[in-house]
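Scroll down for the structure; my scribbles are underneath it.
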Amino acid sequence: MLEKTYNPAEVETNIYEKWEKSGAFACHPESDKDPYCIMIPPPNVTGNLHIGHALTFTIQDSLIRYQRMKGKDVLWQPGTDHAGIATQMVVERLLAKDGISRHDLGREKFIEKVWEWKAKSGGQITKQLRRLGASLDWPRERFTMDEGLCRAVRQEFVTLYKEGLVYRAKRLVNWDPKLETAISDLEVEQRETVGTMWYFNYVVENEPNRFITIATTRPETLFGDTAVAVSADDERYKDLIGKNVIIPICNRAIPIVADEHADPTKGTGAVKITPAHDFNDYEVGKRHNLPMINILDSTAHLNENTPKEYQGLTTAEAREKVLSDVKALGLYVKEEPNPMTIPYGDRSGVVIEPWLTDQWFVDAPKLAVEAIKVVEDGRMEFVPKTWEKTYFEWMRNIQPWCVSRQLWWGHQIPVWYGPDGHYFVEENVELAQAEADKYYGKHVDLVQDQDVFDTWFSSGIWPFSTLGWPDQTEELKRYYPTNVLVTAFDIIFFWVARMVMLGLHFMHDVPFKTVYIHALVRDEQGRKMSKSKGNVVDPLILADKYGVDALRFTLSAMAAQGRDVCMSESRVEGYRNFVTKIWNAARFCEMNQCVAIKGFNPKSVKEQLNKWIISKTSVAMNKVATAMDEYKFNEAAEAGYQFAWGTFCDWYLEFAKPLFNGDDESKKAETRATAAWVLDHILMMLHPIMPFVTEELWSKGNHEQMLISTPWEDLSEFVDEKAEADLDWVVGLVGAIRSLRTEMNIAPGTKIQMLLAGANDVEAKRLVQFNTLIKTLARLESAELSTKAEDAKSAAQVVYGTTAVLLPLAGFIDVAKETERLNKELEGLNKVISGLEGRLNNEAFVSKAPEKVVADQRVRLAEAKSGVIKVQEALARLKDL
RNA sequence: GGGCACAUAGCUCAGUGGUAGAGCAUCACCUUCACACGGUGGGGGUCGCAGGUUCGAACCCUGCUGUGCCCACCA
């Protein structure tokens, strides 16, 4: 006997262990089934499951479970990411608590500490994935810094280098002075602020009374100025071009150059050029061969290229000092507020400095060509399609990708330098040493590049590195390209684009055929969740409180395409109730000895009621399947919910009650078997979304295998339109009677008579055939055909299709109230009629609209008209009372 | 500055040319022998605004208003 209420916490752990131990999650490369593969977007190894994870992994697990049931050989590849910057920061913060910096420890010791941290907290996220029910093929779990993947990353880099797609260059990059590393454009966050524009005079060399006024938002960079640019056409400065001006404070002479960058309409039309600290100025500097003076050290303090009294100051301190010094020199003109955006590091939160350094770059523009083409020609598609525009937009404007990071945690770059700076790009030190020995003609000591790769450089090859690449494994051949990548839009650029470029380059095929982009999870008010706002919803707390199934169902039900998912606890509660409802339905079936019969043939059932529910089951299964095939998870969830609750529980089980308790043994047996069969299929169709309660209930049934491994059945052959029409009519009739009863204020327990007027042969037959069902559900003493006009005397009436439902209630009817009610009904019907007539009298509508639509409207008009007559008759009768 | 979304019931959202929907909330009645985490029945919407296309528009087109996001620029 099932417990009175379902206790999710108790069963979830047990069921998951059972699945995992049984090997139900394992892929079978040797099988002859069609493969289906999803690569998990590897979460940060030291991360914690947040609500966004819960959504993306629920979706993936639903797809995986559905495809597994559909008979595919499924691989859901698990793994975690070393997440270079994020992880290094966490460990540095921990060390800082003891007053230690990573530099105190040294690189080797520090990395040891990170591995220790990983060993300690690295299992957290995979435990949480299990809690969520994720059916990942765990024995295949990979880590972006495990031995195989390290080898793959080295090969990736060396191959790209030898193909000329990787190069080393001294360039202006986004420099994070807190983390002391270069970061990519994508890791820079632009924040809007109101800054200040300052105007200074630069005195013209040898002409003490002449000066040029420049405008700047960064006065402190003046020590790095190497020119002042004006427009060649600017009349104000034409004669100054070629002359020098003197930088205030440091009194260095720099030339005035003509350059297109200077816009006569902005500022004063004269702009100071600081090539080493501004991306635009850098381009100007290159055009005019200007020196590039770096005035900052790696922590954004002023360096030895600035006057002594400035050295060691922060940029903010330097700015104040420059301002007061310039004012003291009498060269200050004015200042005004200036709205502007300032770059911040998305991890460190500090202001990013453009800084001139040597870095490794991947020739992304070249790799992007094919990556654009595959989406254009449909070899890869985005769902929803609208994201393709975003993808194109970015790919067509892609910049070289800086892949080196001045961090310690990550894949150290496989480049070795000789004493003279000559370098050797090889997969390991032995190969590099051999090359170096050859090159120098003797043994020399090599030093490996101190930098590591951008994390995305390793996750970019995730779809094939996890399958064994560069070895040509069976798995690689079988599961690449994968079927779908599921992710939120925020990492299309970071990750998706890189995987496509690298997948196409190394595997000569797309990494996945479909990219499904789901919504971001927001709070109830639609705000982005963030720790600082304190509106973070912890999925695990919800899971503990309401059960994982309720959480998963909520996320699926809200995962409509292209929308944000707003998480509200009341929704979770509502779906927890649904889980309970299923549980109780199963309990009810159990109480009535509804046992699944092996070899039960739905085609053999005789009762129309049973044919009806079997047909409805078939339709529901197909709805769920279609929705899953189209990534419409909300529709899949809704179809299962409506069928299980709205059809099976609300109607079928109620209909079945008298049969369960009836005397007809064969009817009883058939109904019991049917109920068990339908319940099993409800468990089946809900399993991908709510795996735990369904498996638990399945395990109590008469089954040899677990639900997770049970094939999804196509039940299309059991659709029975006749049965559906019959019972749907009964359902509608009962609804009409119930509604009328309530309006007439008849106590729910009171049994009354019902007469049906105006029924045709089919309806008359149904009334007889389903008499017991109708009486039971509508709480009637009798349900019969009306044969004579007097039946309608003192009866309350409601129109149902072309029939009239009569409840003889002599003495109970409040004439005034009933008149009002009928008039309201009449009004509604007349409104419908005038609308339909207007349409049908329109020549253009009748001739141009599809036949089916026109015919449909005619039927509705006829129904409404017969309804009007019936209501009018009822009104006339009331007058006689 | 360029681009992409979005605006439907009190709330959260489905609905892409043919009778405006769901869940939650709300109201009334019901402790009926699976379930009060329940049952039954209600109420509630000029589908952001203005035009246009169409026999017919929440849906397609144009403009407007508002909201969100992305990218770029910013002396």
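Nearest to the side chain of A:A844, among B:rC70, B:rC55, B:rU40, sits B:rC55.
For B:rG42, the OP1/OP2 oxygens have a side-chain nitrogen or oxygen of A:S739 closer than 4.0 Å.
Here the CZ-CG distance, from A:F648 to A:L653, works out to 4.0 Å after rounding to the nearest 0.5 Å. Between atom CD1 of residue A:I682 and atom OH of residue A:Y641 there is a gap of 13.5 Å, rounded to the nearest 0.5 Å.
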>> Let me check I have this right: for RNA chain B, each base becomes ., (, ), [, ] or |, based on Watson-Crick or G-U pairs with both distances under 3.5 Å. What is the full string?
In response: ((((((((.[[[[.)..(..]]]].(((((.......))))).....[[[[[..)....]]]]])))))))....

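A salt bridge does not link A:E827 with A:K831: every distance from a Lys NZ or Arg NE/NH1/NH2 to an Asp or Glu carboxylate oxygen is 4.0 Å or more. Between A:E863 and A:K865 no salt bridge is recorded (no basic side-chain N to carboxylate O distance below 4.0 Å). Salt bridge A:R839/A:E837: absent, no basic N to carboxylate O contact under 4.0 Å. Salt-bridge check for A:R858 with A:E851: failed, with every basic side-chain N at 4.0 Å or more from each acidic carboxylate O.
Spacing of P atoms, B:rU53 relative to B:rG41, comes out at 45 Å, to the nearest Å.
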Distances for protein N/O vs nucleotides 16-22 of chain B N/O pairs under 3.5 angstrom?
{"from": "B:rU19", "atom 1": "O4'", "to": "A:R860", "atom 2": "NH1", "distance (Å)": "3.3"}
{"from": "B:rU19", "atom 1": "O4'", "to": "A:R860", "atom 2": "NH2", "distance (Å)": "3.0"}

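One atom, CD of A:E654, and another, P of B:rU40, lie 8 Å apart when rounded to the nearest Å.
Residue-level contact check: A:C589 touches neither bases nor backbone, having no heavy atom under 4.0 Å from any strand.
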